[in-house]
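Predicted model only: the values in this text are computed from it and were never measured.
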There are 2 protein chains.
Amino acid sequence: MGNIQLGSPFVPIRPVPAKTPLRRQEASEERREAILAVGLAVFSADGFAAAKLDDAATKAGVAKGRIYLHLKDRQDLFEQIVRGAMEPIIEQLERVAELPDLPTDALLAKLFELFQSQVLTTDRRFVIRLVLTEGVHFPEIASFYHREVVSRGLALLKMNTTRGTARDEVAPTDLAYFPHLVFAPLAMDVMWDGLFSAFEPIDIGRLLSAHRQTLLGNAGRGSNA
Amino acid sequence: MGNIQLGSPFVPIRPVPAKTPLRRQEASEERREAILAVGLAVFSADGFAAAKLDDAATKAGVAKGRIYLHLKDRQDLFEQIVRGAMEPIIEQLERVAELPDLPTDALLAKLFELFQSQVLTTDRRFVIRLVLTEGVHFPEIASFYHREVVSRGLALLKMNTTRGTARDEVAPTDLAYFPHLVFAPLAMDVMWDGLFSAFEPIDIGRLLSAHRQTLLGNAGRGSNA
DNA sequence: CATATTTGACTGTAAAGTCAGTCAATTCTA
DNA sequence: TAGAATTGACTGACTTTACAGTCAAATATG
């Protein structure tokens, strides 16, 4: 029923290694990835419980049974999709954390930009939406996502705020205790996009810039129609 | 499978009108409400698609067929739950909007308080979570919720910010264009509660207070352990 | 007792996951 | 290098499970 058009897959498409005639294993791996991609589309369109794996198989140009060669069952598919999509993000977070000290504002900008280029304009936005919408029923996934993504992100944000306050770049509010306030709008955007963007789209670039202004207590004049 | 303990039902429980021997119609209406309440619990626990209406019936102390006396089908149940829960909130929003001009801060506090007393400590938190998690698959519901709740809330918030800026209570940022930024943490809390509170609970009172500080650019000292 | 209400066994549908068989790719061998 | 032998990736019909929604029968009510 539902028909979600996924956009570009996760950003860096690895260069195809010439025309080497694909050996079986390689071909198989390629199909496995196709199944994961289509699985994401189907889960996103119909929801975890309502999605039909048969459907996914067909759309991936593969027979039903093929799916079970790589995956134990529907839940396993879900987990592989989430893990596969989030692992690169985790690495990136790590890398940002190791960056030489940046001004609060700059780090924030960098993080938001990362979010835009690696999540919003990527199939990952659907993965995150899935985690948010289906995670309640999958404690395993929720736990994984909290441990590997959310808590690291929060730590990074907290560090940034604390440091910014010490440098007098940020007003000393309780914000340092609630880095949640920094990412809440990002999460909201992901949800909004699925729910309401048809009725009232959001200009995410401007929203994030307004958000930065607000966070930093910057009275910089806004420019808007 | 899932077993969610719903808390108190929507806040004001109307006083039982003495011991008037319940007439049939009244009894029927009472059961209808029980079915809605249990329906909410079951949808919340298992998700819309996976929930078993039979289950709901049993838990409501009623036979399966009984459900279909009031409801066309599973989707109808979902819609009735959402509409029934949100209508009172809409009225309250209306009432707040008509309030004599309050200081920006005060109105914000009032709204957050409304959210806490009418949503967070109420079964409505589950309704909202359902809208957020399942709404993607129910354009009808998403549309209803956007039209009746979200857009009104946003208008109210926007008005408040604009007025606050005019009165020099709020720094003139783009915040006025993105009232979304004001409610994002509320939505996040509802989601967080379902997903991550087991690993890392949030003190919502403090979070909202920090949020107010941040929004108003108030450098008021924070107090935290 | 007539009627309104409720029940729960039943029917039909639908999809999940299995597995015996097929066949293309690969390896072996003369 | 051709042709035979082997492998194992892939298929899809089949079995099973399970629940939605119906409706004839049973029960409660006034």
Whole angstrom is fine here: how far is it from CG in B:Asp76 over to P in D:dA20?
15 Å
By the definition side-chain contact (heavy atoms from CB on, under 4.5 Å), identify the one residue from B:Glu79, B:Glu134, B:His146 that meets it with B:Ile141.
B:Glu79
Would you call the rings of B:His180 and B:Phe183 parallel, tilted or perpendicular, where under 30° means parallel and over 60° means perpendicular?
tilted
A:Phe112 side chain near A:Val182 side chain, heavy-atom distance below 4.5 Å:
yes
In this structure, how many angstroms lie between the P atom of C:dT5 and the CD1 atom of B:Ile35, rounded?
14 Å
Provide, to the nearest angstrom, the distance between the OH atom belonging to A:Tyr68 and the P atom belonging to C:dA20.
17 Å
Expressed in angstrom and rounded to an integer, what is the separation of A:Gln75 atom CD from C:dG17 atom C1'?
15 Å
Any salt bridge between A:Glu29 and A:Arg32, counting N to O under 4.0 Å?
yes
With a 4.0 Å cut-off, would you call A:Arg83 and A:Glu148 a salt bridge?
no
When every nucleotide of nucleotides 6-11 of chain C is labelled 5' to 3' by its protein contacts under 4.0 Å (heavy atoms), B for base, S for sugar-phosphate only, - for none, what sequence of letters results?
BBB---
A:Glu29 atom CD is separated from D:dC10 atom P, nearest whole Å, by 11 Å
Specify the separation, in whole Å, of atom CG of A:Asp54 and atom P of D:dC14.
15 Å
For the residue pair B:Phe78 and B:Phe43, categorise the inter-ring angle as parallel (less than 30°), tilted (30 to 60°) or perpendicular (more than 60°).
perpendicular
Answer whether the closest heavy-atom distance between the side chains of B:Leu53 and B:Lys64 falls below 4.5 Å.
no
Contact list (N/O, under 3.5 angstrom) for nucleotides 21-24 of chain C vs protein:
from, atom 1, to, atom 2, distance (Å)
C:dA24, N3, A:Arg24, NH2, 3.1

Check the distance between C:dA15's P and A:Asp55's CG and give it to me in whole angstrom.
8 Å
When all nucleic acid strands are considered with a 4.0 Å heavy-atom cut-off, which category describes B:Ala51: base, sugar-phosphate, or nothing?
sugar-phosphate
For DNA chain D, whose closest nucleotide is more 5', that of A:Ile67 or that of B:Leu53?
A:Ile67
Taking the basic N atoms (NZ, or NE/NH1/NH2) and the acidic carboxylate oxygens, is any pair closer than 4.0 Å for A:Arg125 and A:Asp193?
yes
Measure the distance from CZ on B:Phe48 to P on D:dA20 and round it to the nearest whole Å.
10 Å
Counting C-beta onward and ignoring hydrogens, is there a side-chain heavy-atom pair between A:Tyr145 and A:Ile128 closer than 4.5 Å?
yes
